[in-house]
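Below is one structure, written out as structure tokens; the observations come after it.
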Amino acid sequence: MLGKSPAWQDAGGACSGYLVEAGGRCLLLDCGNGVFGKLRAARSFTDVCAVVISHLHADHFFDLVPYAYALAYSHQARATRARPILYAPPGARETFRRITGAWDAEELVEQSFELHEYDPDDELALDSLRVRFHEVPHFIRTHAVQVRDDSASFTYGADCRPNDAIVAFARETDLLMLEATLEQPDEGGARGHLTPAEAGEHARRAGARRLVLTHMSADHDAAHARAEAERAFEGPVELAHDGAVYEL
Ligand SMILES: [Zn+2]
Ligand SMILES: [Zn+2]
């Protein structure tokens, strides 16, 4: 767990960023603001073989910019010639060009990473790991992501409002990580997020074995959030914190 903050990071924290490791392979799921520094504290960034982006909100991809600079100019990247595969949603190339084009570096991201805009219907294979996507309702086009090997599965709901899609996609997953951004359902106007109680409810309906709540501000009442989720879901509920490790 490199970062679990919502769109503004906690003091000393980072927005969405999750490192998935299996069989010696290292996959970074989302790369929001603050994540690159957390990644460097946990691993050499040149060890990451692939980065997967759930959707094109800043808190899920902004640190691709410093990451791309490190791949382009750092001693470590020059020594290892690291060029991770970057799986990003359809339209990502144009978004990255617009952002870094603001300072005339249009191709920074696509030159530093091997950029692929994924088709959400495709399944990716990274050695023993398989990665699947499923669209979930949010403010922009957004994909839940499931990573599995022969022994276990991990499902990340990305950002989403209450929906049936994630329930079907996460069926009987070993670990379901859902956002619990809102303290109250009517907080913040139009719905794009879940409350802890809704996250628990979705985990129960999916038959998930464990639930991790993420994308929560440190300003929220953590004990209350856990209690709300536990009321809906009988399995273990954990609150994400930066640096947490979950073994499957
Ligand atoms: Zn979002
Ligand atoms: Zn977000």
Side-chain angles (χ1 to χ4, degrees), residues 1-20 27-39 51-67 86-92 94-96 98-99 109 117-118 120 133-147 154-163 165-166 169-170 176-199 202-203 211-220 222 225 229 238-242 244:
M1 177 76 54
L2 301 180
K4 62 83 185 170
S5 300
W8 61 100
Q9 66 259 60
D10 300 328
C15 294
S16 293
Y18 310 101
L19 206 53
V20 181
L27 171 77
L28 177 62
L29 192 46
D30 279 344
C31 190
N33 29 308
V35 167
F36 186 62
K38 299 289 186 182
L39 171 63
V51 181
V52 178
I53 302 295
S54 65
H55 67 299
L56 295 171
H57 271 159
D59 54 321
H60 296 257
F61 80 91
F62 254 18
D63 262 22
L64 289 176
V65 174
Y67 196 168
L86 171 58
Y87 295 105
E94 181 54 31
T95 298
F96 300 152
R98 279 214 308 278
I99 288 171
V109 172
E117 292 186 3
Y118 57 74
F133 302 94
H134 198 79
E135 191 163 346
V136 289
H138 184 46
F139 298 117
I140 61 171
R141 193 173 181 192
T142 298
H143 306 93
V145 182
Q146 185 172 75
V147 185
F154 161 62
T155 307
Y156 166 47
D159 288 359
C160 59
R161 72 175 73 95
N163 69 95
I166 189 62
F169 184 58
L176 176 58
M177 185 168 70
L178 289 178
E179 64 129 298
T181 311
L182 303 177
E183 289 190 294
Q184 300 297 330
D186 56 358
E187 190 183 2
R191 287 299 297 273
H193 296 284
L194 302 175
T195 65
E198 289 165 344
H202 284 63
L211 171 64
V212 173
L213 302 181
T214 190
H215 210 269
M216 293 171 62
S217 171
D219 298 339
H220 288 194
E238 294 167 80
L239 298 184
H241 60 91
D242 296 0

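As the structure lists them, so they are numbered: ligands from 1, and atoms in each ligand from 1.
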**Asked** Within the side chain of Asn33, is there an N or O that forms a donor-acceptor pair under 3.5 Å with the backbone of Trp8?
**Response**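 Side chain of Asn33 to backbone of Trp8: no pair is present.
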
**Prompt:** Do Phe169 and Val136 come within less than 4.5 Å of each other through their side chains, counting heavy atoms only?
**Reply:**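 Not in contact.
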
**Asked** Below 4.5 Å, heavy atoms only, C-beta onward: do Leu2 and Leu28 meet side chain to side chain?
**Response**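 They are in contact (side-chain heavy atoms under 4.5 Å apart), so the answer is yes.
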
**Asked** In Asp159, the N, O or S atom nearest to the Zn ion (ligand 2) is which?
**Response**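 Restricting Asp159 to its N, O and S atoms, the minimum distance to the Zn ion (ligand 2) goes to OD2.
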
**Prompt:** Any side-chain donor-acceptor pair under 3.5 Å between Gln146 and His134?
**Reply:**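 Looking only at side-chain atoms, His134 and Gln146 do not form any donor-acceptor pair under 3.5 Å.
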
**Asked** N/O/S atom of His55 under 2.8 Å from the Zn ion (ligand 2), yes or no?
**Response**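 His55 does not place any N, O or S atom closer than 2.8 Å to the Zn ion (ligand 2).
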
**Prompt:** Short check: any N/O/S atom of Asp59 below 2.8 Å from the Zn ion (ligand 2)?
**Reply:**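 Asp59 does place an N, O or S atom closer than 2.8 Å to the Zn ion (ligand 2).
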
**Message:** Strictly under 2.8 Å, is the Zn ion (ligand 1) approached by any N, O or S atom of His57?
**Reply:**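 Under 2.8 Å: His57 contacts the Zn ion (ligand 1) through an N, O or S atom.
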
